[in-house]
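Accompanying notes for the structure given below.
Whatever order the structure lists ligands and atoms in, that order sets their numbers, starting from 1.
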Amino acid sequence: MKGPDDALLVVDVQNDFMPGGALAVPHGDEIVPIANRLAAAFEHVVLTQDWHPRDHRSFAANHEGRQPFETVSLSYGEQVLWPVHCVQDTPGAALHDGLHIPHARLVIRKGYRRDVDSYSAFVEADRTTPTGLAGYLHEHGVKRVWCCGLATDYCVAWSALDARAAGFDVIVIEDACRAIDMDGSLARAWRQLDAAGVVRMRSEQVLAQL
Ligand code: VGL
Ligand code: ZN
C-alpha cells in the first residue's frame, strides 16, 4: 500500500473523453480498470473533473466561424478550440461508470471559469490562478504525485508538469493514460515531462513495488 507520502491523481476519467464521447480520446476506456487497480493500492487518491460552463471560451462553438481543433489567441496565449465537452452537470461531464474508487478523498473541478481553460489540476491556463491542489497536498504531507488518466498530452501532462513545479516528485503511469495526440502533441508532452524530471513507469511496476 502506498502511504501518506504518496497521492494518486486520476485525471478526467469522464464520459466525454471516452470512445463515442464529445471529445473522445482513442481507447480512453481501456484505462478504467487500470486506474481502479492502481487506486486500490493508494491510501490517498484525488480525482479531477473537467467542468466547463456551456459558454466556455475553449469551445469552438463559442467562436463565430471557428472549427474544433483550430487554435485562437486569447489573453493568456494560444488556446486550442475544442468540441463542446464536459459541460457542468451533464452526463458527459460525469465520471465513467466503471470507475470504482470509493476512498477517493477529493475531486478537483477545473475549467469552470468562462474565460480561462485549465488543463492542469494545479494552475489554470492563465498560468497564475492556483486551484488549491498544491496547498492541499503539501498540507497532507504528500511528497510524490502519481498521475494517470486522460489525456496524456493535455490534462495529464500539464498536471504532472505543474506538480513538479510545485515541488513534488512526479511519476506518470504511462499505460494508465491515453492521448489525444494532435499535431505531435504526445511526443512534445513526453519531451517536456522528461526535461522536467518526471518519471515514467508502467502500472505493473508500480503494483510490483508494493
Ligand atoms: C482535456 C482538452 C480539453 C483533457 C480537457 O482532459 O486532457 N483536453 N479539455
Ligand atoms: Zn476541457
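Of the N or O atoms in Asp50, one or more lie within a sub-3.5 Å distance of an N or O in ligand 1.
In this structure, Asp162 pairs ionically with Arg127, as a charged nitrogen and a carboxylate oxygen lie closer than 4.0 Å. The pair Asp183-Arg188 fails the salt-bridge criterion, with no side-chain N (NZ, NE, NH1 or NH2) lying under 4.0 Å from an Asp/Glu carboxylate O.
From the protein, the heavy atom lying nearest to atom 6 (O) of ligand 1 is Asp12 OD2, 2.7 Å. For atom 4 (C) of ligand 1, the closest non-hydrogen atom on the protein side is Cys155 SG, 2.8 Å.
Contacts of Val80 with ligand 1, taken as heavy-atom pairs under 4.0 Å, are absent altogether.
In terms of modelled atom types and a separation under 3.5 Å, the side chain of Gln14 and the main chain of Cys86 share no donor-acceptor contact. With hydrogens and angles disregarded, no donor-acceptor distance shorter than 3.5 Å links the side chain of Gln79 to the backbone of Val72. Remark: the backbone N or O of Arg113 is paired with a side-chain donor or acceptor of His56 at under 3.5 angstrom.
Nearest N/O/S atom of Asp50 relative to the Zn ion (ligand 2): this is OD2. When the Zn ion (ligand 2) is compared with the N/O/S atoms of His52, atom NE2 turns out nearest.
Centroid-to-centroid, the aromatic rings of His103 and Phe42 stay 6.0 Å apart or farther.
Here the shortest heavy-atom distance to atom 2 (C) of ligand 1, taken over Trp82, Tyr154, Trp158, belongs to Trp82.
At a cut-off of 2.8 Å, Cys155 is not counted among the residues with an N, O or S atom near the Zn ion (ligand 2).
Note: Arg66 CZ to Thr71 OG1 = 7.0 Å, rounded to the nearest 0.5 Å.
Within the listing of ligand 1, atoms 4 (C), 6 (O), 7 (O) sit less than 4.0 angstrom from a heavy atom of Ala151.
Heavy atoms of Gln14 come nearer than 4.0 angstrom to ligand 1 in no pair at all.
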